[in-house]
Amino acid sequence: MSDPSAGLCASCRHQKLVRNTRGSVFSMCLRSKGDPAFPKYPRIPVVACPGHEPRAEPDGRERARPPAAG
């Protein structure tokens, strides 16, 4: 299993970490619920995603976007 905190998903407001009964953790994309173009469980690490939206910091500010891969 890959580290679900690795890649672009770790900073996205649409990521939900899902733990199974054996303790494995998977990164689920909540955008997949309304748009089939987004995989429910993307392959990690995601390095580019058109649906990425930065997750807000605890103080309410948005996180800076990671630099574009290039």
Side-chain angles (χ1 to χ4, degrees):
M1 175 192 73
S2 299
D3 179 1
S5 66
L8 198 54
C9 295
S11 66
C12 185
R13 72 177 66 226
H14 302 289
Q15 179 197 48
K16 177 180 179 182
L17 295 179
V18 178
R19 184 177 302 272
N20 70 11
T21 57
R22 291 187 271 180
S24 295
V25 180
F26 300 91
S27 177
M28 182 170 78
C29 179
L30 296 176
R31 280 200 177 256
S32 67
K33 290 185 176 193
D35 188 340
F38 293 96
K40 185 172 184 177
Y41 293 102
R43 295 183 67 119
I44 301 295
V46 172
V47 295
C49 178
H52 179 268
E53 291 182 31
R55 180 180 294 130
E57 294 288 346
D59 64 5
R61 295 182 300 162
E62 286 192 353
R63 290 184 181 180
R65 286 185 184 246

> Under 4.5 Å between any side-chain heavy atoms of Cys9 and Ile44, yes or no?
Replying inline: yes
> Which pair of non-hydrogen atoms, one from Pro42 and one from Val46, has the smallest distance, and what is that distance?
Replying inline: CB-CG2, 3.8 Å
> Going by the salt bridge (charged side-chain N to carboxylate O under 4.0 Å, His left out) test, which pairs reach into residues 23-39, not counting sequence neighbours?
Replying inline: Arg31-Glu53
>> Counting C-beta onward and ignoring hydrogens, is there a side-chain heavy-atom pair between Ser32 and Tyr41 closer than 4.5 Å?
In response: no
>> For a quick test of reading the model, state the closest non-hydrogen atom pair linking Cys29 to Phe38 and the distance between them.
In response: SG-CB, 4.1 Å
> Is any side-chain heavy atom of Lys40 closer than 4.5 Å to a side-chain heavy atom of Met28?
Replying inline: yes
>> Looking at Arg55 and Cys12, would you say the former's side chain and the latter's main chain have a donor-acceptor pair under 3.5 Å?
In response: yes
>> So Leu17 and Phe26, do their side chains get closer than 4.5 Å, heavy atoms only?
In response: no
> Taking Arg19 for the side chain and Val25 for the main chain, is one N or O donor matched with an acceptor at less than 3.5 Å?
Replying inline: no
>> Does any part of the side chain of Ser27, heavy atoms only, come nearer than 4.5 Å to the side chain of Lys16, both counted from C-beta?
In response: no
